Amino acid sequence: MIIQEVFIRKLEMMMKQPFSTSFGTMQNRKFILIEVIDDLGNRGWGEGVAFSIPWYTEETTETSMHILVDFLIPLLKGQTIEHPDDVSKIFSSIRKNNMAKAAIECAVWDCWAKRRGITLTQALGGEKESIDVGISIGLQQDFDVLAERIDQSLTTGYKRIKVKIKPGNDLSLLSQIRERFPTIPLMADANSAYTLKDIDLLKRLDQFDLMMIEQPLAADDIVDHATLQKKIRTPICLDESILSAEDARKAIQLGSCGVINVKIGRVGGLTEAKRIHDVCQKAGVPVWCGGMLEAGIGRAHNIALTTLPNFTLPGDTAGSSSYWQRDIITPEVFVTDGTIMVPQSVGIGYEVDLKELDRHTIERKQIRL
Ligand code: OSB
Ligand code: MG
């Protein structure tokens, strides 16, 4: 397969509600969509998941655009791609910029699956016909609003509830949740808001029987996490700290975590996400698929990835309607009884709604290779 043409769009989509984490609040989602066309006219889609502000990782929508246009897409010129795994090798001279890499790599995976007439799930070696999912609920102004969101999510059947915590909004928040919902599968994500100085507070989180605590310490740390994990019973789940299968191997070897959150964008694409899955599977460490407030195309890639067997814990792939008035794919992603049916048609398995896409497009580029 040879990629002959790449269309890049920048979209701007307003989320139904703002989403707040320990690092900030997001509502106006600006992101990149990539469409590749191969030598037989097959098409594939990928979504860039970087935010407009570099507070989750150093990438932004604009840096992704720059890296894609000036470096990554030109590297594909004249390359014969036997398998989508080749893409990460072609990009190996470019350091990091994982979200930019993943955007185009995911488009190549979709295109390759369509060329072979198979689903993306089949292309990845996935096994599930449906996936169990959870939901991530951002920080709220007051507890009643949060409780109402949890209630709604339980009614939709979400298999676990993730809440965000930050210093000053942790122990009392979790004890209020546990008072109201004593036995629900619950976890908390700190997005790197603590340090080892907070060890006494972090130890006290054990009383809430959380499924795990996600990324309590620094984004670039696996050493302090190992120290912390020895002192708390709650399993640590690493998110920001894991950028590759090598990172996963080292974190597991050090005892820095009991669980890993895999995000396709954070790790540079589906090939690396699969490798992390495999490393964790061999080590007996369960994984789940994280989210980046994606629109439908990113969501579709997450669903396919989650069909791999070691994705044994419910991830953050909530239904389209949790984020968007109207998603850019048809059908939208629906969650019933906390599960999503894995689509059965070729590639990502959803149609892209071009009318809806055009409505949100604020920039276009076309590159012939
Ligand atoms: O840490 O997983 C995270 C959203 C934005 C940035 C980071 C994170 C999140 C979420 C929400 O937790 C995931 C989602 O619903 O897509
Ligand atoms: Mg997280």
Side-chain angles (χ1 to χ4, degrees), residues 13 15-31 47-61 98-99 102 131 133-140 146 149-150 152-153 156 158-166 186-194 210-221 225 235-243 251 257 259-267 273 287-303 305-306 313-324 327 332-333 335 338 340:
M13 278 173 81
M15 294 196 295
K16 277 182 170 174
Q17 286 149 346
F19 190 93
S20 295
T21 70
S22 62
F23 55 67
T25 300
M26 293 162 277
Q27 183 161 28
N28 186 5
R29 193 77 175 87
K30 287 198 182 117
F31 62 96
E47 183 170 324
V49 300
F51 299 119
S52 30
I53 304 174
W55 48 23
Y56 171 75
T57 70
E58 63 276 25
E59 290 182 88
T60 68
T61 321
N98 286 350
M99 293 178 186
I131 60 164
V133 291
I135 190 164
S136 174
I137 304 175
L139 287 160
Q140 307 293 324
L146 177 62
R149 293 287 306 277
I150 294 176
Q152 280 170 8
S153 305
T156 311
Y158 281 105
K159 306 282 183 188
R160 65 99 172 105
I161 304 293
K162 163 169 143 185
V163 294
K164 296 287 188 177
I165 56 169
K166 65 174 185 182
L186 180 67
M187 61 173 289
D189 186 358
N191 289 106
S192 294
Y194 299 91
L210 302 178
M211 294 170 77
M212 67 197 91
I213 174 162
E214 185 174 346
Q215 196 71 38
L217 309 179
D220 61 358
D221 166 76
H225 278 106
I236 292 174
C237 170
L238 290 178
D239 173 353
E240 284 90 330
S241 299
I242 304 297
L243 303 178
C257 62
V259 181
I260 288 178
N261 161 338
V262 183
K263 291 187 188 176
I264 302 166
R266 196 191 68 228
V267 307
V287 300
W288 54 274
C289 184
M292 287 290 284
L293 311 172
E294 290 95 342
I297 292 166
R299 215 157 281 283
H301 285 277
N302 288 343
I303 292 166
L305 178 66
T306 305
L313 295 166
D316 278 346
T317 313
S320 298
S321 66
S322 293
Y323 309 82
W324 313 111
D327 205 340
E332 298 195 346
V333 174
V335 174
I340 296 171

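Just so you know, ligand 1 is whichever comes first in the structure, and atom 1 is the first atom listed for that ligand. If you read the sequence from its start, that first residue is 1, and numbering goes on from there. The figures that follow rest on heavy atoms only: side chains count, while hydrogens, waters and symmetry mates do not. All values reported here derive from a predicted model rather than from experimental measurement.
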key: Residue, atom name and distance, where the atom is the protein heavy atom closest to atom 9 (C) of ligand 1   = Lys164 NZ, 3.6 Å
ask   = Does His225 use its side chain to pair, donor to acceptor, with the backbone of Cys257 at less than 3.5 Å?
value = no
request  = Provide, to 0.1 Å, the distance between atom 7 (C) of ligand 1 and the closest protein heavy atom, together with that atom's residue and name.
outcome  = Lys263 NZ, 3.5 Å
key: For atom 13 (C) of ligand 1, the protein heavy atom that lies nearest, with its residue and separation   = Gly291 O, 3.4 Å
ask   = Would you call Lys162 a ligand 1 contact, heavy-atom distance under 4.0 Å?
value = yes
query = Checking side chain to side chain donor-acceptor pair (under 3.5 Å) against Asn191, which of Glu214, Lys164, Gln215 comes through?
reply = Lys164
request  = Flag yes if more than 12 heavy atoms outside Lys166 fall under 6.0 Å of its NZ atom; otherwise flag no.
outcome  = no
request  = Check for a donor-acceptor pair, side chain of Arg266 on one end and backbone N or O of Asp239 on the other, with a separation under 3.5 Å.
outcome  = yes
ask   = When only distance counts, is Asp189 in polar contact with ligand 1, meaning an N/O pair under 3.5 Å?
value = yes
request  = Mind checking whether Phe23 contacts ligand 1 via backbone (N, CA, C, O), side chain (CB onward), both or neither, at a 4.0 Å heavy-atom cut-off?
outcome  = side chain
key: OE2 (Glu214) - the Mg ion (ligand 2) - OD2 (Asp189) angle, nearest 10°   = 90°
task = Pick one of side chain, backbone, both or neither for how Asn191 approaches ligand 1, counting any non-hydrogen atom pair under 4.0 Å.
result = side chain
message = Among all the protein's non-hydrogen atoms, which is closest to atom 5 (C) of ligand 1, and how far away is it?
response = Phe51 CZ, 3.5 Å
request  = Just let me know how Thr317 lines up against ligand 1, side chain, backbone, both or neither, with a heavy-atom cut-off below 4.0 Å.
outcome  = neither
request  = Fit a plane to each ring of Tyr56 and Phe23, take the angle between them on a 0 to 90° scale, and name the class: parallel (under 30°), tilted (30 to 60°) or perpendicular (over 60°).
outcome  = tilted
key: Closest protein heavy atom to atom 15 (O) of ligand 1, given as residue, atom name and distance to 0.1 Å   = Tyr323 OH, 2.6 Å
key: Closest protein heavy atom (residue, atom, distance) for atom 4 (C) of ligand 1   = Phe19 CE2, 3.6 Å
Short N or O distance, Leu293 and ligand 1, threshold 3.5 Å exclusive = yes
ask   = Is Ser52 reaching over with its side chain to a backbone N or O of Lys30, donor-acceptor style, under 3.5 angstrom?
value = no
SB check Asp316 Arg160 (cutoff 4.0 Å) = yes
ask   = So His301 and Glu294, side chain to side chain contact (heavy atoms under 4.5 Å, CB included) or not? Walk me through it.
value = CA-CA 10 Å; His301 285 277; Glu294 290 95 342; over 6 Å; no
